[in-house]
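Every number for a ligand or one of its atoms is a count from 1 in the order of the listing. Remember, predicted model here, so these are calculated numbers, not experimental data.
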Amino acid sequence: MIVLKSPIEINKRLNSFRERKNTIGFVPTMGALHKGHLSLIKRCKSENDITVCSIFVNPKQFNEAKDLDLYPRPIEKDIILLEQAGVDILFLPGNESIYPASYSQPFLNLNGLDNVMEGLARPGHFSGVAMVIERLFYYINPSKAYFGQKDYQQILVIQQILTQFSLDSELVICEIIRETNGLAMSSRNSRLTDEQLKNAGFLYESLLQLNMDVRTLPLSLAIQNAKKSMSHREGVKIEYLEIADRKTLNALETIDQNSEAIALIAVNYFGVRLLDNLFLS
Ligand code: PAF
């Protein structure tokens, strides 16, 4: 695996692969890699000639300094995992090469996606994601980029940014990888104790129950029931639970067989934010 820190250098290297008609797949990450990331890499490798992974803990997308400080950074372990997974190039830029002194934030049109759910809960978060995506995709310009469905709202934001900046990479949405109890894998899970991890399957169970309930109950009542069943659990504070249209994230009041609905949830569980979602069927 080649490790490159300079954006100019990676851009040059990738151009030489492109000249040889190689397709480039990209898995952007903030490190602290888990099985979810490894499944993205596996899919990326199976669909592209060259697999590029980036690790960059993007300060601009953290709206709380404490969250940025606490973000896990097990870089040596990550490098071993990426080598074992067969990644061809690791892009490991420093803050100053992504955001040099000359960097000025471009105008970002997030199409209202920053005004709902994660956008409301974490002001400035999606602008930060948008900024780093514009930078990373500018240098890497992949044929395809791979994201886990867990951060669904983020995927829509990224799609919007690619459209705004006329970047023609294809986004591939990959299924959520879960622990055996159903908890969606996330780098933040490492901040839970073993006991908390063991009990955190309630989040996915609630989504599955909700998927059943919406078939017989009005949506508002199904949501209310799901919230009630979670809120009595120790350590749980529900931030939001919404049923929305998959393309726009506009909240839905009713659904029928033709609706393309998704349920999205965020809870604070013993101080750790957990996200999950489920396409309703
Ligand atoms: O999902 C993440 O890990 C990050 O938000 C991303 C897409 C790598 C941008 O920093």
Exercise. Give a yes/no verdict on a cation-pi contact between Lys60 and Tyr99, requiring under 6.0 Å between NZ or CZ and the six-membered ring centre and an angle within 45° of the axis.
Key: yes
Quiz item: Any ion pair linking Glu9 and Lys12 (charged N to carboxylate O, less than 4.0 Å)?
Solution: no
Quiz item: Salt bridge check: are Glu118 and Arg273 linked by an N-O gap of less than 4.0 Å?
Solution: yes
Quiz item: Could Arg178 and Tyr204 be counted as a cation-pi pair, given that NZ or CZ must be under 6.0 Å from the ring centre and within 45° of the axis?
Solution: yes
Dump the pairs for me: ligand 1 N or O, protein N or O, distance under 3.5 Å, to 0.1 Å.
{"from": "ligand 1", "atom 1": "1 (O)", "to": "Gln154", "atom 2": "NE2", "distance (Å)": "2.8"}
{"from": "ligand 1", "atom 1": "5 (O)", "to": "Gln61", "atom 2": "NE2", "distance (Å)": "2.9"}
{"from": "ligand 1", "atom 1": "5 (O)", "to": "Gln154", "atom 2": "OE1", "distance (Å)": "2.7"}
{"from": "ligand 1", "atom 1": "10 (O)", "to": "Gln61", "atom 2": "OE1", "distance (Å)": "2.6"}

Practice problem: Considering only NZ, NE, NH1 and NH2 on the basic side and carboxylate oxygens on the acidic side, decide whether Asp67 and Arg188 come within less than 4.0 Å. | Solution: yes
Practice problem: Please work out which of the three classes, parallel, tilted or perpendicular, describes the rings of Phe279 and Tyr152, given edges at 30° and 60°. | Solution: perpendicular
